[in-house]
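Contents: one structure, followed by commentary.
In listed order, ligands and their atoms are each counted from 1.
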Amino acid sequence: MPGPILHVLGARPNFMKAAPVVRALQGRGLEQMVVHTGQHYDERMSDIFFRQLALPKPDVNLGVGSGSHAEQTAAIMVGLEKLMLDREPSLVIVYGDVNSTVGAALVASKLHIPLCHVEAGLRSFDMTMPEEVNRRLTDQLCDLLLVTSPEAVGHLAREGVAADRIHFVGNPMIDTLLGNLDRFDVEATRADLGLGEDYLVVTMHRPANVDDPDKVRLLVEAFTELSRRTEVVLPLHPRGRARFEAAGLKSSPTLHVVEPLGYLEFMALVRGASAVLTDSGGIQEESTVLGVPCLTVRPNTERPITITHGTNRLIEPEDILPAVGAVLGAGRDASERLGKDGLLPSRVPPLWDGRAGERIADVVQEWLAARGVQPRS
Ligand code: UD1
């Protein structure tokens with residue numbers, strides 16, 4: 001009997017990518033197992049996403065928790081090695097670029113278990129980012145590389161990945177976005193948070209932004225100044241909390257510093273926002289589809305399609321005030337916003353159409369069938 005397809009999830013951005021893939025494969029009669037490494041463990045960083053996205057409760061939670069990169073990745077690897085030896089999966093599927101992704105990839109590859117990467121081939125070309133290290137190494141080890149954006153195919157080809165391993169399938173995170181549009185209740189979320197009609201959403205958690213106290217001070221000054229011009233809502237990732245608080249970040253009537261939000265509440269906030277100021281990867285993509293202006297506080301992006309096709313712009317921390325001022329001054333082009341009927345704005349990237357999960361299931365099913373793994377009849 002061939003073993004199950006093993007999905008390895010660990011951190012918040014994995015969950016919205018995996019949900020449509022798990023669901024599509026459920027319809028194919030293939031045995032699957034969901035493993036949560038426990039890299040993220042707070043209710044608001046993990047459990048709420050499983051409930052809201054109807055992800056099956058993990059079959060196993062390794063409970064690795066936080067630590068240095070080496071500690072966390074090592075704990076992920078030790079836990080997964082035991083599990084993979086025990087369950088002998090027919091295929092391991094990993095998502096995105098977090099430590100759980102690369103940990104799982106190393107284990108599967110050394111056990112000669114076939115490996116599939118969803119969101120392969122993105123490159124920031126910035127090796128100071130842990131995510132860039134994670135995605136480059138993962139891609140080198142994969143049998144199946146599933147790509148969300150056309151330029152990723154070129155990156156992989158230049159790194160010597162054989163063309164028959166690469167499949168351009170579209171973006172499963174956008175499946176989750178489009179599939180939940182009707183559940184994003186902008187008014188209810190605004191009311192819950194005490195927000196008026198015009199507001200800016202801010203998220204900031206990357207080491208490059210939140211680990212340097214000088215930069216954090218600059219950011220706090222910018223957020224405070226912004227809140228004199230418009231309402232600001234800032235769901236705070238646990239990573240930066242202590243440094244932001246030490247630098248004097250606190251709520252005021254127009255600066256709402258709140259706990260991390262669930263998927264539905266956060267996306268409702270973004271949908272109704274005048275603009276988003278962020279250093280997240282996923283939000284660059286989600287704001288592109290929602291047609292909400294996005295200012296990304298980073299020197300580079302692994303998602304350039306959100307600039308060429310979408311609403312994204314890269315800015316330096318020093319440029320936050322003029323950049324936000326310009327965006328708010330320009331107003332929103334209503335025609336570019338996603339309609340309630342689910343019609344996409346004209347410039348959405350190719351195959352970000354809500355059907356990536358099914359295409360991924362097609363590729364996986366065919367790949368397994370060619371190796372003798374058939375659905376249960
Ligand atoms: C991880 C990913 C990053 C992703 C982010 C999304 C890596 C290297 N980074 O970063 O790419 O953008 O997730 O959220 O995998 N913490 C909690 N509760 C939790 C989880 C974390 O309090 O449930 C705190 C701990 O203090 C921990 C810190 O956040 O040390 C960082 O967590 P970690 O998983 O190491 O990385 P993230 O910054 O969350």
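- Of all protein heavy atoms, the one lying nearest to atom 14 (O) of ligand 1 is H237 NE2, 3.0 Å.
- Within ligand 1, the atoms closer than 4.0 Å to a non-hydrogen atom of H69 are 8 (C), numbered from 1 in the order shown.
- R23 places no side-chain N or O within 3.5 Å of a backbone atom of A18 that could act as its donor or acceptor partner.
- Closest heavy-atom approach to atom 15 (O) of ligand 1 among the candidates Q39, E71, R206: Q39.
- Of the candidates T296, T278, T288, T296 is the only one forming a side-chain hydrogen bond (donor to acceptor under 3.5 Å, both in side chains) with N312.
- Near E131, with a cut-off below 4.0 Å to any heavy atom, the atoms of ligand 1 are 3 (C), 9 (N), 11 (O).
- Judged purely by distance below 3.5 Å, without hydrogens or angles, the side chains of H36 and S46 pair a donor atom with an acceptor atom.
- Counting protein heavy atoms only, atom 38 (O) of ligand 1 is closest to R239 CD, 3.3 Å.
- We find that E159 and R123 are joined by a salt bridge, their nearest charged nitrogen and carboxylate oxygen being less than 4.0 Å apart.
- No part of S280 comes within 4.0 Å of ligand 1, judged by heavy-atom distances.
- With respect to atom 25 (C) of ligand 1, the closest heavy atom belonging to the protein is S66 OG, 3.3 Å.
- When the heavy-atom distances from atom 8 (C) of ligand 1 to D97, N99, D47 are ranked, the shortest goes to N99.
- Protein heavy atom closest to atom 2 (C) of ligand 1, with residue, atom name and distance, is V98 CG1, 3.7 Å.
- S100 and Q39 share a donor-acceptor pair across their side chains, judged by distance under 3.5 Å alone.
- Salt bridge E245/R241: present, at least one basic N to carboxylate O contact under 4.0 Å.
- Aromatic ring centroids of F125 and H155 lie under 6.0 Å apart.
- In terms of protein heavy-atom proximity, atom 17 (C) of ligand 1 is nearest to Y41 OH, 3.2 Å.
- By the 4.0 Å N-to-carboxylate-O rule, E366 lies too far from R28 to be salt-bridged with it.
- The residue among M45, R12, H205 with a heavy atom at the shortest distance from atom 5 (C) of ligand 1 is H205.
- Per-residue contacts place Q72 under 4.0 angstrom from the following atoms of ligand 1 (heavy atoms of the residue considered): 34 (O), 35 (O).
- Counting the atoms of ligand 1 from 1 in the order shown, those under 4.0 Å from a heavy atom of D42 are 17 (C), 18 (N), 19 (C), 22 (O), 23 (O).
- Counting the atoms of ligand 1 from 1 in the order shown, those under 4.0 Å from a heavy atom of P13 are 6 (C).
- If you check the side chains of R206 and N209, you find no donor sitting under 3.5 Å from an acceptor.
- Nearest protein heavy-atom contact of atom 32 (O) of ligand 1 is H40 NE2, 4.3 Å.
- Annotation: N134 places no N or O atom under 3.5 Å from an N or O atom of ligand 1; distance criterion only.
- Salt bridge absent: E31 and R376 never bring a charged side-chain N and a carboxylate O closer than 4.0 Å.
- Set against the non-hydrogen atoms of P238, the atoms of ligand 1 under 4.0 Å away are 16 (N), 17 (C), 18 (N), 22 (O), 24 (C).
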Open item on the list: With side chain to side chain donor-acceptor pair (under 3.5 Å) as the criterion, how do E285 and N171 come out once you've worked through the C-alpha distance, each side chain's angles and the decisive distance to 0.1 Å?
Closed with: CA-CA 9 Å; E285 297 184 342; N171 192 333; 2.9 Å; yes
